[in-house]
Amino acid sequence: MKFFLQSGALLGLLGVALGAFGAHALRTMLEASGRTATFETAVKYQFYHALALVLVGLLMHTFGSNPTIVKLLTWSGYSFLGGVIIFSGSLYVLCFTGITWLGAITPLGGLAMIAGWALLFWAFL
């Protein structure tokens, strides 16, 4: 529970910092490379899933006496975290380096995020 709360808070902090950095310090570089929308997508999905991780942590606290729910929430949290690392991380690397083959792994992060939401849904069936 604490791990997901901390992870969500850290990803939220980094999302605000990266978003501000991209809007100001990196604006010219991102516009020149045509990667502004890519960077904004990375920040947006990072932020959504930072909040999802905080939600998972709070739900784990609330339903801590139910081992089935806690197990599914744990997998949901790890899926969200892995998804952010792969999805947003690959987009950030693409923006900063121009390495385009990383775009091939971005959908894996998206699938992990989808799995996280499915597991969250499953926890409360």
Side-chain angles (χ1 to χ4, degrees):
M1 167 188 59
K2 186 177 178 182
F3 173 73
F4 294 125
L5 291 169
Q6 291 171 331
S7 297
L10 181 60
L11 286 175
L13 179 153
L14 291 173
V16 172
L18 286 168
F21 190 61
H24 301 289
L26 299 176
R27 184 178 196 168
T28 304
M29 184 211 56
L30 291 170
E31 287 175 351
S33 65
R35 298 283 184 210
T36 303
T38 303
F39 191 83
E40 289 174 355
T41 297
V43 171
K44 185 176 10 175
Y45 276 79
Q46 177 178 332
F47 222 108
Y48 294 155
H49 291 87
L51 295 173
L53 281 165
V54 170
L55 174 65
V56 166
L58 293 173
L59 288 170
M60 288 176 82
H61 176 72
T62 302
F63 295 95
S65 62
N66 186 321
T68 302
I69 290 176
V70 169
K71 182 178 181 179
L72 289 166
L73 289 172
T74 300
W75 282 106
S76 174
Y78 284 126
S79 294
F80 288 145
L81 185 57
V84 169
I85 291 167
I86 296 168
F87 183 87
S88 294
S90 65
L91 292 179
Y92 291 136
V93 172
L94 172 65
C95 290
F96 294 130
T97 67
I99 300 172
T100 56
W101 65 264
L102 283 171
I105 67 165
T106 305
L108 298 176
L111 287 173
M113 292 176 186
I114 291 168
W117 288 108
L119 288 160
L120 182 59
F121 174 76
W122 189 13
F124 295 102
L125 278 180

### Task
Write down the atom of L53, the atom of G8, and the distance for their closest heavy-atom approach.
CB-CA, 3.8 Å
#### Entry: Where A50 and L11 come nearest, the two heavy atoms and their spacing
CB-CB, 3.7 Å
### Task
Using the side-chain contact (heavy atoms from CB on, under 4.5 Å) rule, take V16 and F47 through it: C-alpha gap first, then chi angles, then the decisive distance, then the call.
CA-CA 8 Å; V16 172; F47 222 108; 3.3 Å; yes
Expected list for residues 37-45: side-chain donor-acceptor pairs under 3.5 angstrom, two or more places apart:
from: T41; atom 1: OG1; to: A37; atom 2: O; distance (Å): 2.9

Are [X] and [Y] grouped together when hydrophobic residues (ILVMFWY) are joined by side-chain heavy atoms under 4.5 angstrom apart?
X: L91; Y: L26; result: no
X: L14; Y: V56; result: no
X: L13; Y: L18; result: no

### Task
For residues 9-30, pull every pair meeting salt bridge (charged side-chain N to carboxylate O under 4.0 Å, His left out), keeping only residues two or more places apart or in separate chains.
R27-E31
### Task
May I have the step-by-step check of side-chain contact (heavy atoms from CB on, under 4.5 Å) for V54 and F4, ending in yes or no?
CA-CA 6 Å; V54 170; F4 294 125; over 6 Å; no
Please tabulate, one pair per line, all N/O donor-acceptor pairs under 3.5 Å involving side-chain atoms of residues 102-125, not counting sequence neighbours.
from: T106; atom 1: OG1; to: S90; atom 2: OG; distance (Å): 2.7
from: T106; atom 1: OG1; to: L102; atom 2: O; distance (Å): 3.4
from: W117; atom 1: NE1; to: H49; atom 2: NE2; distance (Å): 3.0

Nearest 0.5 Å please: distance from the [atom1] atom of [X] over to the [atom2] atom of [Y].
X: W101; Y: L94; atom1: CH2; atom2: CG; value: 11.0 Å
X: L73; Y: S79; atom1: CG; atom2: OG; value: 11.5 Å
X: L59; Y: M1; atom1: CG; atom2: CE; value: 11.5 Å
X: M60; Y: F3; atom1: CE; atom2: CZ; value: 10.5 Å

### Message
Does atom OH (Y48) have a neighbourhood of more than 12 heavy atoms from anything else shown, all under 6.0 Å?
### Response
no
### Query
What orientation do Y78 and W75 show, parallel under 30°, tilted 30 to 60°, or perpendicular over 60°?
perpendicular
### Message
Using a 3.5 Å distance criterion without hydrogens, assess whether the side chain of S33 forms a donor-acceptor pair with backbone atoms of L30.
### Response
yes
### Message
So Q46 and F87, do their side chains get closer than 4.5 Å, heavy atoms only?
### Response
no
